[in-house]
Protein chains: 2
Amino acid sequence: MAHEKNPDPLREFHPHNHDHCVSDAMAAAERICASSGARLTPVRRRVLEILLEGHRPMGAYDVLGRLDEEGLGDKPPVAYRALGFLVDHGLAHRIERLNAFIACPHPEAEGHGAAFLICRGCGTVAEVTATLPDLPEGFRVERTTVEAEGLCAACTEKAA
Amino acid sequence: MAHEKNPDPLREFHPHNHDHCVSDAMAAAERICASSGARLTPVRRRVLEILLEGHRPMGAYDVLGRLDEEGLGDKPPVAYRALGFLVDHGLAHRIERLNAFIACPHPEAEGHGAAFLICRGCGTVAEVTATLPDLPEGFRVERTTVEAEGLCAACTEKAA
DNA sequence: AGAGGCAATGTTATCTTGTAACAAAATTGG
DNA sequence: CCAATTTTGTTACAAGATAACATTGCCTCT
Ligand SMILES: [Zn+2]
Ligand SMILES: [Zn+2]
Ligand SMILES: [Zn+2]
Ligand SMILES: [Zn+2]
């Protein structure tokens, strides 16, 4: 965990050594599954890799298309089950506004109130940590969805 | 606007004079449309009433079913267009987690960062005001989705 | 009133997203 | 190995949403 000291929180929007994102996240996924007894089976692992490589939100049918190319399955439940597993174990997140899924870049930082910045220009999505503001009492919050759509710095420049 | 001094922010979870919700919101919708030149046509008005009366999120096809009963249309675009109009004008909101729509109870309080508390027990949804926590700079936020799923006070008691 | 332009509605067809249900195979633990 | 559980394979559908185009209604200008 040495070098995982929360780097640029918006690195998704910049060029970066993406191989590290992939290998770090895969290693973390291995550890998480090993320690919880969950089984990172071939399809599940491959779906996680596909999400990580894309480094952007992908629809379930996009993922399924990739699986099909590789002979790993071509029926919707194949993709939905693998994605469900990843989401349940915190290895991926569902972006509600996009009906899409994205790999979690730091799945070991759990309890992390995840929020997503969605650039409508380039389609990039960054996951950031955000604590929800105080909500009225008398409601026990279990899960939150926080998604912000807008323009990243680069797309703001281009638009100007 | 005298008596609209932001009452119980969680009134959706309690018994309340719901006729007031409906009539207040309809009056506000009239004012908003009148002042912006938008046309609150019969179908649009009726869809808003249906959402207000239900006082809970409704899927587009639920709304369409109601419209059909009343002879106002039976094809998906009828519902989606009316709902789109209401959302565009801030008279209703889309709840992403539920693929559903809900009337805004206070459409004149604009710029209000709306957040939604979704009770998984009774299905009630309350709209509350919440300012988003500070997000990393370098991203221009235009719209936010904040939805919290959990249990309302009554459902928490029942579950205990 | 008549004509032109724009907004709204009607309608068809299709597309995308997501699940229920059940059978077969693989894994785990005894 | 046997039985229980989990995972996969497959069919068939349900649910949610939109593209595209024809038609109608509304407003404005002459
Ligand atoms: Zn995450
Ligand atoms: Zn961008
Ligand atoms: Zn009410
Ligand atoms: Zn409840």
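Here the structure is a predicted model, which means the values were calculated and not measured. Numbers restart at 1 for each chain; the letters A, B, ... are given by sequence-line order, proteins then strands.
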Student: A quick test of your reading: do over 12 heavy atoms of other residues, nucleotides or ligands sit less than 6.0 Å from CZ of A:Arg140?
Tutor: no
Student: Taking CG from A:Leu67 and C1' from D:dT8, how many angstroms apart are they, rounded to a whole number?
Tutor: 13 Å
Student: Take a 6.0 Å sphere around CZ of A:Arg97 and say whether it holds more than 12 heavy atoms from other residues, nucleotides or ligands.
Tutor: yes
Student: In whole angstrom, give the distance that lies between atom CG of B:Leu64 and atom P of C:dT9.
Tutor: 14 Å
Student: B:Leu83 has an atom CG; how far is it from atom C1' of D:dA17, in whole Å?
Tutor: 12 Å
Student: Without decimals, in angstroms, what is the distance between B:Arg44 CZ and C:dG10 P?
Tutor: 11 Å
Student: Is there side-chain contact between A:Thr145 and A:Phe116, with heavy atoms separated by less than 4.5 Å?
Tutor: no
Student: Starting at CG of B:Asp88 and ending at P of C:dA7, how long is that distance when rounded to a whole Å?
Tutor: 14 Å
Student: With the threshold set at 4.0 Å, does a side-chain nitrogen-carboxylate oxygen contact exist between A:Glu147 and B:Arg143?
Tutor: no
Student: Give a yes/no answer on whether the side chain of B:Lys75 brings an N or O atom under 4.0 Å of OP1 or OP2 in C:dG10.
Tutor: no
Student: Spell out protein contact along nucleotides 13-30 of chain C as letters: B when the base is contacted, S when just the sugar-phosphate is, - when no protein heavy atom is under 4.0 Å; keep the 5' to 3' order.
Tutor: ----BBBB------S---
Student: So, B:Asp62 side chain and B:Gly59 main chain: donor-acceptor pair closer than 3.5 Å or not?
Tutor: yes
Student: In whole angstrom, give the distance that lies between atom CZ of B:Arg97 and atom C1' of D:dA15.
Tutor: 18 Å
Student: Could you tell me how far apart B:Glu96 (CD) and D:dG16 (P) are, to the nearest whole angstrom?
Tutor: 13 Å
Student: Would you check if the side chain of B:His16 reaches a backbone N or O of B:Arg11 as a donor-acceptor pair within less than 3.5 Å?
Tutor: yes
Student: Could you state the CZ-P distance from B:Arg45 to C:dT9, rounded to the nearest angstrom?
Tutor: 12 Å
